[in-house]
Number of protein chains: 2
Amino acid sequence: MSLRYALLAILRVGPLSGYDLAKQFAQSVGHVWHAPDSQIYPELRKMEAEGLVEGEQQARGERGHRRLYHVTPAGDAAFTDWMAAPLDYQRVRDPAHLRAAYLEATTPDAARAFLRAHRAQWQSELEQWEGELVRIDTVTNPMLARRIAVTAEQDRERTIAYKRFTYEGLVARARIEIEWAERGLALVDRLSDDPDAGPAGGR
Amino acid sequence: MSLRYALLAILRVGPLSGYDLAKQFAQSVGHVWHAPDSQIYPELRKMEAEGLVEGEQQARGERGHRRLYHVTPAGDAAFTDWMAAPLDYQRVRDPAHLRAAYLEATTPDAARAFLRAHRAQWQSELEQWEGELVRIDTVTNPMLARRIAVTAEQDRERTIAYKRFTYEGLVARARIEIEWAERGLALVDRLSDDPDAGPAGGR
DNA sequence: TTACGCATGTAACAGGTTACATGATTAT
DNA sequence: ATAATCATGTAACCTGTTACATGCGTAA
């Protein structure tokens with residue numbers, strides 16, 4: 001149910017076509033809320049049916065066309081209402097920790113492969129998010145730059161500060177996951193260490 | 001797609017009825033993978049149809065009955081295959097960080113309410129998980145005790161060590177989320193501080 | 001003329017949520 | 001008798017995933 005608010009957040013900066021929205025989405029809010037094009041286009045149509053956005057059909061060449069969406073007052077109200085409403089937290093469903101709880105049921109090699117993949121997964125997220133932090137500080141993220149351009153002078157600091165805060169949180173979480181995977185790898189080594197093989201053994 | 005493996009993990013310890021499984025589930029693996037009864041019963045039936053478990057109908061009083069499930073060799077193989085297979089990571093969809101990225105669009109009070117709720121949410125998870133850590137150390141979690149009872153002496157250390165490792169990871173993550181919310185609260189205070197009101201102002 | 005980027009989707013399916021439905025057994 | 005707990009589900013809905021489908025515009 002958050003997708004529409006993620007879309008509204010971007011459209012509030014200025015009207016966009018579904019295509020452009022999807023592109024902007026992927027390089028801004030998509031870092032915290034992924035959505036494929038096949039979900040964005042229908043959602044925009046649904047939002048239009050509910051009066052949150054308005055689409056304006058535009059010609060593009062002879063036969064081509066595109067639909068430019070902008071937020072209606074109702075859409076703006078829906079967004080600010082959502083911002084002020086309590087967030088509904090989903091129940092935990094964490095496949096990585098589920099598997100971790102039963103690592104004794106597999107081989108040390110499989111356990112290591114799982115933990116290395118976990119580390120790689122979060123390392124890759126970490127790099128994305130650290131990249132975003134740099135782009136926030138330098139205001140080189142195109143979405144943020146557009147947003148700052150339409151933001152009153154005295155609100156720019158807050159806008160940037162909350163973006164930074166958000167990505168700092170993501171970065172901290174990624175680091176924790178990486179550390180956890182590394183402690184797991186050390187644990188596998190320790191537990192699979194053949195007691196007869198001496199302190200350097202294990203593989 | 002992880003639900004069935006969570007169910008298998010529990011059933012591998014010993015046969016259970018859907019009802020007992022659901023109860024045991026909630027107080028063990030349910031801490032990392034939530035599932036309501038209404039999902040567990042049909043999943044067990046599906047797993048039975050696919051030959052992963054076998055259900056044995058038992059009488060209970062005159063008219064009552066219950067179905068006792070146990071894992072088949074195929075179910076055991078499916079579980080160990082899953083343990084050795086790469087985990088598929090879902091794309092990020094994080095409502096809390098989504099909202100955090102746009103906190104400038106709401107009032108300081110709403111921002112604080114959101115951050116306090118976030119802290120409370122993770123505080124509550126943290127308490128659950130820290131409680132589990134204690135129950136792991138004292139082997140007072142009933143599921144773990146049952147598992148340990150059917151585990152060979154030399155594998156008990158590993159079984160317990162991986163459970164501990166799992167919950168340590170969850171605890172670390174909860175702490176990070178709480179710290180993040182607290183830094184957010186400090187940030188809201190700083191940003192909503194009226195520059196004319198002096199260092200103690202802000203509300 | 002060919003490939004790449006613009007532009008918009010549909011369809012089938014999987015997985016999870018919420019609310020509801022039903023009845024038996026056992027303890028007080 | 002009544003309430004708690006045992007016991008097992010169904011149905012409707014929402015969200016998200018995956019794969020596929022279609023055609024136009026423009027630059028090399």
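We name chains A, B, ... by the order of the sequence lines, and we start the count at 1 in each one.
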Asks: Report the distance from atom CZ of B/Phe25 to atom C1' of D/dC6, rounded to the nearest whole Å.
Replies: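 From B/Phe25 CZ to D/dC6 C1': 20 Å.
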Asks: Ignoring the backbone of B/Pro42, work out which of D/dA7, D/dT10, C/dT17 is nearest its side chain.
Replies: D/dT10
Asks: Think A/Arg91 has a side-chain N or O under 4.0 angstrom from the OP1 or OP2 of C/dT17?
Replies: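 Indeed not, no polar side-chain atom of A/Arg91 lies that close.
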Asks: Write down the distance between CG (B/Leu98) and C1' (D/dT15), rounded to a whole number of angstrom.
Replies: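 Atom CG in B/Leu98 sits about 15 Å away from atom C1' in D/dT15.
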Asks: Out of C/dG9, D/dT8, D/dT17, which nucleotide sits closest to the side chain of B/Arg66?
Replies: D/dT8
Asks: By nearest atom, which of the nucleotides D/dA7, C/dT25, C/dG16 is closest to the B/Asp20 side chain?
Replies: D/dA7
Asks: Looking at B/Arg158 and B/Asp155, is any side-chain nitrogen of the basic one under 4.0 Å from a carboxylate oxygen of the acidic one?
Replies: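 Counted as a salt bridge, because a side-chain N and a carboxylate O are separated by less than 4.0 Å.
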Asks: How close or far is atom P of C/dG16 from atom CG of A/Asp88, stated in whole angstroms?
Replies: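 Rounded to the whole Å, the gap is 17 Å.
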Asks: Do NZ/NE/NH1/NH2 and the carboxylate oxygens of A/Lys23 and A/Asp20 come within less than 4.0 Å?
Replies: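 Here A/Lys23 does not pair with A/Asp20 in a salt bridge, since their nearest N and O are not under 4.0 Å apart.
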Asks: Rounded to whole angstrom units, what separation is found between the NZ atom of B/Lys23 and the C1' atom of D/dT5?
Replies: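 Value for this atom pair: 9 Å.
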Asks: Does A/Glu62 or A/Trp33 map to a spot on DNA chain D nearer the 5' end, using the closest nucleotide for each?
Replies: A/Trp33
Asks: Counting side-chain heavy atoms from C-beta on, which of C/dG15, D/dA7, C/dA19 comes nearest to B/Ser38?
Replies: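 Taking heavy atoms from C-beta onward, the closest nucleotide is C/dA19.
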Asks: Could you check which of C/dT17, C/dT8, D/dT17 has an atom nearest any side-chain atom of A/Asp37?
Replies: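 Within the option list, the nearest is C/dT8.
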Asks: Looking at C/dT17, D/dT15, D/dT18, which one has an atom nearest to any side-chain atom of A/Met1?
Replies: D/dT15
Asks: Rounded to whole Å, how long is the line connecting atom CZ of A/Arg93 with atom P of D/dG16?
Replies: 11 Å
Asks: Validate the cation-pi geometry between A/Arg99 and B/Trp82: distance from NZ or CZ to the six-membered ring centre under 6.0 Å, angle to the ring axis within 45°.
Replies: yes
Asks: Counting side-chain heavy atoms from CB outward, which of C/dT25, D/dT17, C/dG15 is closest to B/Gln39?
Replies: C/dG15
Asks: Look at the side chain of A/Thr72 and the backbone N and O of A/Leu52, then say whether any donor-acceptor pair between them is shorter than 3.5 Å.
Replies: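 Yes; judged by distance alone, with no hydrogens or angles, the pair exists.
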Asks: Backbone N or O of B/Arg164 within a donor-acceptor pair of the B/Asp137 side chain at under 3.5 Å?
Replies: no
Asks: From the list D/dG25, C/dG16, D/dT8, which nucleotide is the closest neighbour of the side chain of B/Tyr19?
Replies: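 Looking only at side-chain atoms, B/Tyr19 lies closest to D/dT8.
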Asks: To the nearest angstrom, how far is B/Glu56 atom CD from D/dT8 atom C1'?
Replies: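 Distance check: B/Glu56 CD to D/dT8 C1' gives 17 Å.
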Asks: Closest nucleotide of DNA chain D for A/Glu43 versus for A/Arg63: which of these residues is on the 5' side?
Replies: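 The residue mapped nearer the 5' terminus is A/Glu43.
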Asks: Determine: side-chain N/O of B/Tyr41 to OP1/OP2 of D/dG9, distance under 4.0 Å, yes or no.
Replies: no
Asks: Rounding to a whole Å, what distance do you find between B/Arg67:CZ and D/dA7:C1'?
Replies: 13 Å
Asks: What I'd like to find out is whether the side chain of A/Tyr89 reaches to under 4.5 Å of the side chain of B/His118, using heavy atoms alone.
Replies: yes
Asks: Looking at C/dG9, D/dT17, D/dG25, which one has an atom nearest to any side-chain atom of A/Arg60?
Replies: D/dG25
Asks: Side chain of A/Ser17 only, please: which of C/dT25, D/dT15, C/dT8 is the nearest?
Replies: C/dT8
Asks: Could you tell me the separation between the CD1 atom of B/Ile40 and the P atom of C/dT17, rounded to a whole number of Å?
Replies: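 So the CD1-P distance, B/Ile40 to C/dT17, works out to 11 Å.
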